[in-house]
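Order of the sequence lines fixes the chain letters, A, B, ..., with proteins taken first and strands second; residue numbering starts at 1 for each chain.
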Amino acid sequence: MTICIRKAGLLTTIQDTGRPGLQKNGISPGGAMDPLSLQLANITCGNAPEAAGLEITMMGPEIVFEKEHWIVIGGADLSAALDGKNVPRWTACQVRAGQLLTFGAPQEGARAYLAVSGGIQTVPSAGSRATHLHARLGGIEGRELQAGDRIHTGEAGRRLNRRRLHPDMLPELAAAAPFRILPGPEAEEALELLLNQSFTLTNAADRMGFRLEGDKGMLSSGGTMLSRAADHGTIQVPPDGQPIVLMADRQTTGGYPRAGHIVYEDLPRFAQLVPGDQLTFEVLTVEEARELRRKWERRLRCLAGFHA
Amino acid sequence: MITFISETMVDVTLGKTPSPALHEKIMLTGSYLSAGRFPLIKEWFPTYTGLTLVVDPEMDLNGLEKAVREAEAADRMDAEGARWEIPVCYEAPFSEDRERIESYLGMSWEEMTERHTDREYLVYMIGFLPGFPYLGGMDPSIAVPRLDKPRARVEKGAVGIAGEQTGVYPAASPGGWNIIGRTPVPLYTPGERPEVLFAPGDRIRFVRVKKTVFDEEAVPVWEEESDGVRRFKW
C-alpha cells in the first residue's frame, strides 16, 4: 500500500504521538502539534491512537492513492477534496486506487491530520515515526515531505463505511475561551503580565514555538537565571515581555522565566491558532490541571477501547 | 523541593548553587529514580541544581516525595566523564555580540576570550537542542545577561554566554545567548551512536583557533591522546 505526494504544500510532515525518553540528550519528544486531533482521526479510521499520520499545515499537499484506502481527516478544516468532491472531517471515507486528495483555502484552524487505514509505515527512529525537523529524526530522512515522496502504509483493514467520530468527542478548535494555564515555577511578575492583557499570535509560529505579542510592558529583570527544563505548552517570558509558548519540536530547556504552562486539554486548540488570532489566559491550580489531565487520559482510553 | 512545570513534568531542586559535588549527587539520584524502581517515573535528566522528571499523570506528590527521599539516601557512584578540547574561533563574523559584551563588561576582547579559555568546564546538563552542553564553572567576571529579545537565528556551532553559563549551539535555532565565537566541531549527528558528542559529567576546555580552520573541507574528528584528553584533528 502506497500513497504518493504529488505536490508538497506549505509544511506536511509524518507525525505520531512522539518520541519520549531522549530529553537527556536535548531531544524533545516532538510528535503531532495537536496530538488530540491525530489520535481521534486514527481512532475513527480503525487505527491505534498513536499510529502515524500526516500533519498538514495551512496550505495542503496533493496526494495520490495508489491502492484502495480508508482515510479520516481531522483537525483543521483546510477544504479537503477527493477528486474535487468535499471530504467531511472526522468521517471515514473510502478512497479508490488512483484518486487524488487535494486541499484548498484554510477555513478553520491551522493543522489538519490525515489518518490512513493501517497507518503510515515509514522506518521508525528511536521508536517513533514522528518527524522532528531540527533533530532531523523520523519521517523521511527527518525532513518535511516533498513532491515525489512515496510513503508506505499498512494494510487497509475492515470496511468502516461512513463511521463518524461521536459528536461529544469533537474538539472545539475555534472556541474563543481563554487558554487555561497552571502557574510556572518563575511565575510572579511574568504571570501577572500573562493574565492582565490579551495577546496576538505573531508570524513567528512554527513547530518549535509560538511567539505572542501584547502591548503591556517589559519585565523589570531577567536574563541571568540558570537554564531549566521546559515542556510542550510552557510559556517563557523574555525581558521584552513578549511571551514564547514552546510547541512540539521545542527546546528541552530554557533560561527565560517560566511564567505558566498551557494545560494539556487546551493545547490542541492552541496549536490550531493562526497568526493574527487574539487570545487570553486564565489560571488554574496545579492540582486542578493534573486532575483534568487524568480525566482526559481516561476518556481517551475509553473511547479507543469502544472503537477497537 | 518539588515544583510542577506542567501536569507531567517536575523540577526536583537538590541545591542552590551549581557545583561538581551537587552535580554528582544529582546524577546519582537520577539513576536511582530511573532504574525501573518507580514505574510512574518515565524519564529524567539533570539540570544545574537538580533534576527534571517526566511522570505519569497518575503519580501523586506524596509518591514523588517518597521516591526522591529514598534516592537521595542511596550510595555514591564514581563514574568519570570524558575530557575534551574544543576549538573555537572568537573572531568576526562569529563574535556577533562582541560590542554588546565589551561595553557591558568594560573589558577588551583579548581579555574576555583569555578568561573564557583559561579553565575546564563541567557539562552539567544536555538540553535546549539535541546535544547542547550547558557548562558551569565560568569566570563570573565575564557573565553577561541574555538578550532582551532572542535572535530568530543563531548559527550551528555558535558559542554563547547567558549569565554565568556558557554553551555551544549544535544546530541553527532561535536563541537568546550572547554569541562570542564558533566551533567547527559537530555536536550532534543523527544516526550515529551516540548521536550527541557530550554527556553530563564530561569536562571541556575551549582553545582559540584562527578563522582559517573553517576553510577545511573535512569534518574534524577527535582522538584521545595519552593525557586522556580528546582533541580534534582535520
So how far is it from [X] [atom1] to [Y] [atom2], rounded to the nearest 0.5 Å?
X: R228(A); Y: D11(B); atom1: CZ; atom2: CG; result: 5.5 Å
X: T52(B); Y: K24(A); atom1: OG1; atom2: NZ; result: 14.0 Å
X: L267(A); Y: S6(B); atom1: CG; atom2: OG; result: 9.0 Å
X: R146(B); Y: M225(A); atom1: CZ; atom2: CE; result: 6.5 Å
X: L226(A); Y: T17(B); atom1: CG; atom2: OG1; result: 9.0 Å
X: T253(A); Y: F132(B); atom1: OG1; atom2: CZ; result: 7.0 Å

Tell me, do [X] and [Y] make a side-chain contact under 4.5 Å, heavy atoms counted?
X: H261(A); Y: F4(B); value: no
X: R298(A); Y: P57(B); value: no
X: P20(A); Y: K42(B); value: no
X: P174(B); Y: M208(A); value: yes

Minimum heavy-atom separation for [X] to [Y], with atom names?
X: Y256(A); Y: L147(B); result: OH-O, 2.9 Å
X: E195(B); Y: L137(A); result: OE1-CD2, 4.5 Å
X: I5(B); Y: D231(A); result: CG2-N, 4.5 Å
X: T252(A); Y: F45(B); result: O-CZ, 4.2 Å

Judged by atom type as modelled, is there a donor-acceptor pair below 3.5 Å linking the side chain of [X] to the main-chain atoms of [Y]?
X: Q251(A); Y: L129(B); result: no
X: R293(A); Y: E7(B); result: no
X: E43(B); Y: Q23(A); result: yes

Just so I understand: if I count every heavy-atom pair under 4.5 Å between each of Y134(B), W177(B), W44(B) and chain A, which residue has the most?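 Most heavy-atom pairs under 4.5 Å with chain A: Y134(B).
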What option among P150(B), A162(B), A172(B) has the most heavy-atom pairs under 4.5 Å with chain A?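 When all of P150(B), A162(B), A172(B) are compared, P150(B) has the most.
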Interchain contact, R136(A) with chain B, by part (heavy-atom threshold 4.5 Å):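 For R136(A), the contact with chain B is made by backbone and side chain together.
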Report which part of I181(A) has an atom under 4.5 Å of a heavy atom belonging to chain B: side chain, backbone, both, or neither. neither
Could you tell me which portion of [X] (side chain, backbone, both or neither) has an atom closer than 4.5 angstrom to a non-hydrogen atom of chain A?
X: P170(B); result: neither
X: V55(B); result: side chain
X: S34(B); result: neither

Side chain to side chain contact (heavy atoms under 4.5 Å, CB included) between Y188(B) and I27(A), worked out: CA-CA 10 Å; Y188(B) 171 65; I27(A) 302 171; 4.0 Å; yes
May I ask you to name which of A230(A), A229(A), G184(A) has the most heavy-atom pairs under 4.5 Å with chain B?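 Going by pairs under 4.5 Å, I would pick A229(A).
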G21(A), A289(A), P238(A): which one forms the most heavy-atom pairs within less than 4.5 Å of chain B? G21(A)
Check R290(A) with E58(B), please: is the shortest side-chain N to carboxylate O separation under 4.0 Å?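 Not counted as a salt bridge, because no side-chain N and carboxylate O are separated by less than 4.0 Å.
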Hydrogens and angles aside, do S227(A) and Y48(B) bring a side-chain donor and acceptor to less than 3.5 Å of each other?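 The criterion, which ignores hydrogens and geometry beyond distance, is not satisfied for Y48(B) and S227(A).
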